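Structure, as structure tokens:
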Amino acid sequence: MRRRTAGFTLLELLVVVAILGIAAAAVSLSVGSREGRLADEEMARLSALFRLAQNEAHVSGRTLVWEADLTGYRFRALDGEELQDSADGTLRARAWPFEVTRIDAAPIVFGREPLLVPAKLRIATAERELALTLDAFGNLVPVE
């Protein structure tokens with residue numbers, strides 16, 4: 001009788017290589033760009049905050065102003081002629097969760113009117129540039 005030598009068959013090796021390939025693809029897709037995921041999450045948060053600020057200004061009658069710079073953004077209440085940081089915990093000042101290299105965004109005013117003046121925002125990070133439009137209803141929409 002012939003004795004089988006120790007080792008793996010070609011089919012066994014191909015199965016192992018296929019499994020390793022699938023595992024490597026899953027890891028590379030899940031790792032992705034951390035900054036890209038943070039940017040997407042922050043834009044969703046910013047969109048929700050804009051709708052909240054619009055509702056708050058409409059209901060309370062207070063004018064709120066959104067301002068942004070390279071370090072973060074804040075909502076400020078317009079009291080008379082002065083801007084004061086919002087006392088609302090939800091509309092507090094926030095830092096960007098990623099490094100912002102450039103921002104083109106004029107202050108956005110939320111008033112009693114149910115519709116907003118549309119605005120455009122451009123936020124540049126080290127990896128990409130986000131172009132966003134705020135429509136009259138308070139929705140923040142990415143521009144392709």
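Note that the structure is predicted; figures quoted are calculated from it, not measured.
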May I ask you to test the Val109-Val117 pair for a side-chain heavy-atom distance under 4.5 Å?
-> no
Which pair of heavy atoms, one from Arg112 and one from His58, lies closest together, and at what distance?
-> O-ND1, 2.6 Å
Looking only at heavy atoms, which two atoms of Arg62 and Ala77 are closest? And how far apart?
-> NH1-CB, 3.8 Å
Nearest heavy-atom pair of Leu49 and Thr90: which atoms, and what distance?
-> CD2-O, 3.4 Å
What pair of heavy atoms forms the shortest contact from Leu91 to Phe75, and how long is it?
-> O-CB, 3.6 Å
Write down the atom of Met43, the atom of Leu140, and the distance for their closest heavy-atom approach.
-> O-CD2, 3.9 Å
To the nearest 0.5 angstrom, please state how far the CD atom of Glu99 sits from the OG1 atom of Thr71.
-> 12.0 Å
Look at the side chain of Arg92 and the backbone N and O of Gly89, then say whether any donor-acceptor pair between them is shorter than 3.5 Å.
-> yes
Distance-only criterion, 3.5 Å: show the donor-acceptor pairs between side-chain atoms of residues 130-138 and protein atoms not counting sequence neighbours.
residue, atom, partner, partner atom, Å
Asp135, OD1, Phe137, N, 3.0
Asp135, OD1, Gly138, N, 3.1
Asp135, OD1, Asn139, N, 2.8
Asp135, OD2, Asn139, ND2, 3.4

The residue among Asp104, Val143, Ile108, Ile103 that forms side chain to side chain contact (heavy atoms under 4.5 Å, CB included) with Leu121 is Ile108
Donor-acceptor contact below 3.5 Å, side chain Thr101 vs main chain Ala124 | yes
Going from CG on Leu52 to CG on Leu46, what distance comes out if it is rounded to the nearest 0.5 angstrom?
-> 11.5 Å
Between the side chain of Trp96 and the main-chain N/O of Asp69, is any donor-acceptor distance below 3.5 Å?
-> yes
Leu38 versus Pro97, closest heavy-atom pair with distance = CD1-O, 3.5 Å
Give a yes or no on whether the ring-centroid distance for Trp66 and Phe50 is below 6.0 angstrom.
-> yes
Going by heavy atoms in the side chains, are Asp40 and Arg37 under 4.5 Å from each other?
-> no
